[in-house]
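Below: one structure, written as structure tokens.
As the structure is a prediction and not an experimental result, all values here were calculated from the model.
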Amino acid sequence: MTSLNLTLPDDWHIHLRDEAALSTTVPDVARWAGRAIVMPNLTPPVLSVADALNYRERILAHVPEGNSFEPLMTLYLTDHTTQTMVSDAAASPFVHGIKLYPAGATTNSDAGVTALEALYPVLEAMQNHDVPLLIHGEVTDPRCDIFDREKAFIDSALVPLTTQFPALRVVFEHITTRDAVQFVEAAGEHVAATVTAHHLLYNRNDLLVGGVKPHLFCLPVLKRDQHQLALRKAVTSGSPRFFLGTDSAPHTRDDKESSCGCAGCYTAHAALALYAEVFDEEGALDRLEAFASFHGPDFYRLPRNTTSVTLSKTPQAIPSEFQLGTDVLIPIRAGESVGWTVALAS
């Protein structure tokens with residue numbers, strides 16, 4: 001197959017950041033996606049509907065002329081989130097979920113949740129108002145091995161949560177392990193998961209062998225190849241419980257290549273092409289459209305896009321760097337190539 005026509009995809013998990021970064025991040029995702037669930041972990045975080053609406057306007061100011069890209073906003077769950085804030089979110093046509101970060105789990109998560117059970121009244125309100133809970137699923141106990149933190153979160157937090165709130169729609173974000181795949185497959189219809197391109201393409205050998213590759217360092221961290229293979233099987237299975245979420249996260253080169261490099265991979269520039277590589281390698285290109293374009297909107301109870309995009313099996317060269325405001329951003333595959341190209345969006 002040399003070309004592939006798809007219903008325009010969406011990105012159900014992305015970091016656009018703010019201010020000058022938006023001039024790079026927004027056009028990059030708008031090139032191939034109709035909508036994107038935008039993460040709220042700014043500094044300060046997006047806590048209220050008013051915060052989300054203001055952030056939305058800043059994003060829309062950077063959408064290229066003639067492009068209909070739509071940011072789907074989220075709120076940041078904290079120990080101080082109230083049931084009233086949940087009802088406000090449910091009443092807004094622009095807010096589509098509330099994001100749970102365990103405090104200290106990842107970038108800009110210091111304001112995150114410290115005691116999940118204390119927020120059960122808020123989660124009950126989310127269930128009653130049908131507001132999805134989006135979860136960064138890792139424990140933060142320093143005694144827990146970093147490669148085991150997702151599995152530990154499933155056992156200690158996610159199983160009790162989904163048992164207590166069986167009708168709460170939950171998106172287990174950027175899953176990285178066979179354990180997470182098995183949990184989602186066994187959970188009820190109200191649980192789904194996003195999967196990133198970089199967790200499908202790379203494993204911890206790519207990160208560590210021959211020296212640490214800082215631009216492949218992300219959280220949750222890349223895992224063993226057996227987990228990578230389980231993710232590939234899940235996304236190409238046709239199951240509606242798995243859908244596209246890049247977790248594309250821009251960081252400057254200095255922040256990544258430092259004595260304590262930050263976590264996050266930038267893939268928005270070529271994400272759809274990267275996913276196409278995976279599905280092509282797995283002999284499952286016929287299932288890419290459902291994963292990229294159907295499963296996400298169906299779970300979020302939104303209409304599917306009506307326009308289309310064409311992928312051609314033509315390699316595209318990836319620049320060695322992008323501008324991120326006045327700084328430099330190193331993308332995935334910097335200075336290399338991707339085997340597919342977005343040829344046409346209509």
Side-chain angles (χ1 to χ4, degrees), residues 2-4 6 8-11 13-34 36 38-39 59 61-67 69 71 107 174 196-203 206-207 210-218 222 244-258 261-281 288 292 309-345:
T2 58
S3 68
L4 185 64
L6 307 175
L8 188 66
D10 302 298
D11 187 342
H13 183 114
I14 195 169
H15 299 268
L16 297 176
R17 305 302 187 215
D18 207 352
E19 300 176 343
L22 296 175
S23 64
T24 295
T25 59
V26 175
D28 275 356
V29 66
R31 196 171 296 120
W32 59 270
V38 181
M39 292 296 105
I59 294 168
H62 292 272
V63 174
E65 185 175 355
N67 188 293
F69 174 77
T107 304
H174 44 54
T196 78
H198 48 282
H199 286 104
L200 294 169
L201 288 163
Y202 304 105
N203 59 53
D206 299 298
L207 173 66
V212 177
K213 316 301 188 302
H215 299 287
L216 286 179
F217 175 56
C218 56
L222 298 172
L244 188 158
T246 64
D247 194 24
S248 180
H251 295 282
T252 68
R253 179 169 58 190
D254 288 345
D255 285 341
K256 293 290 287 181
E257 298 176 4
S258 69
C262 59
C265 298
Y266 191 71
T267 58
H269 61 293
L272 186 57
L274 292 167
Y275 283 108
E277 276 193 355
V278 173
F279 278 73
D280 193 11
E281 290 168 1
L288 176 60
V309 63
T310 300
L311 280 163
S312 66
K313 197 171 182 179
T314 305
Q316 61 166 308
I318 303 301
S320 59
E321 61 185 45
F322 294 125
Q323 286 300 122
L324 190 68
T326 59
D327 295 307
V328 170
L329 163 68
I330 307 299
I332 286 281
R333 294 279 177 88
E336 302 177 18
S337 65
V338 180
W340 291 77
T341 301
V342 175
L344 177 68

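Closest non-hydrogen pair, A268 versus I14, comes out as CB-CD1, 4.2 Å. Residue F69 comes nearest to A33 through the heavy atom pair CD1-O, 3.4 Å, listed as atom of the first residue, atom of the second, then distance. Across I332 and I318, no two heavy atoms sit closer than the pair O-CG2, 3.7 Å. Among all heavy-atom pairs drawn from V38 and P71, the shortest one is CG2-CB, 3.9 Å. Considering all non-hydrogen atoms of both residues, H199 and C218 come closest at NE2-SG, 3.6 Å. Across R333 and Y202, no two heavy atoms sit closer than the pair NE-OH, 3.0 Å.
Side-chain N/O atoms of H269 and D28 include no donor and acceptor closer than 3.5 Å. For the residue pair H251 and R17, a side-chain donor N or O sits within less than 3.5 Å of a side-chain acceptor on the partner.
Between atom CG of residue D10 and atom CG of residue L244 there is a gap of 8.5 Å, rounded to the nearest 0.5 Å. Here the OG1-CG distance, from T246 to L274, works out to 10.0 Å after rounding to the nearest 0.5 Å. The CD atom of E281 sits 10.0 Å away from the CG atom of L200 when rounded to the nearest 0.5 Å. Taken to the nearest 0.5 Å, the CZ atom of R253 stands 12.0 Å off from the CG atom of D255. Going from atom CZ of F322 over to atom OG1 of T25 covers 12.0 Å, rounded to the nearest 0.5 Å. Atoms OH and CG, on Y275 and L311 in that order, are 13.0 Å from each other to the nearest 0.5 Å.
Residues K313 and D280 form a side-chain contact, since some pair of their non-hydrogen atoms from C-beta on lies under 4.5 Å apart. At a threshold of 4.5 Å between non-hydrogen side-chain atoms, the residues I330 and K256 do not count as touching. Side-chain contact check for F217 versus V212: every heavy-atom pair is 4.5 Å or farther apart. Under the 4.5 Å side-chain criterion, counting only non-hydrogen atoms from C-beta, H15 is not in contact with S248. Between T196 and T267, every side-chain heavy-atom pair lies at or beyond the 4.5 Å cut-off. Here the side chains of L4 and F279 are not in contact, with every heavy-atom distance at 4.5 Å or above. Looking at heavy atoms from C-beta onward, P9 lies in side-chain contact with L272 at the 4.5 angstrom threshold. Proximity of V328 to Q323: side-chain heavy atoms (C-beta onward) are separated by under 4.5 Å at one or more points.
In this structure, Q316 contributes its side chain and T341 its backbone to no donor-acceptor pair below 3.5 Å. Of the possible donor and acceptor atoms, none in the side chain of S320 sits under 3.5 Å from a partner among the backbone N and O of G335. Under the 3.5 Å distance criterion, the side-chain polar atoms of D247 are left unmatched by any main-chain donor or acceptor of H174.
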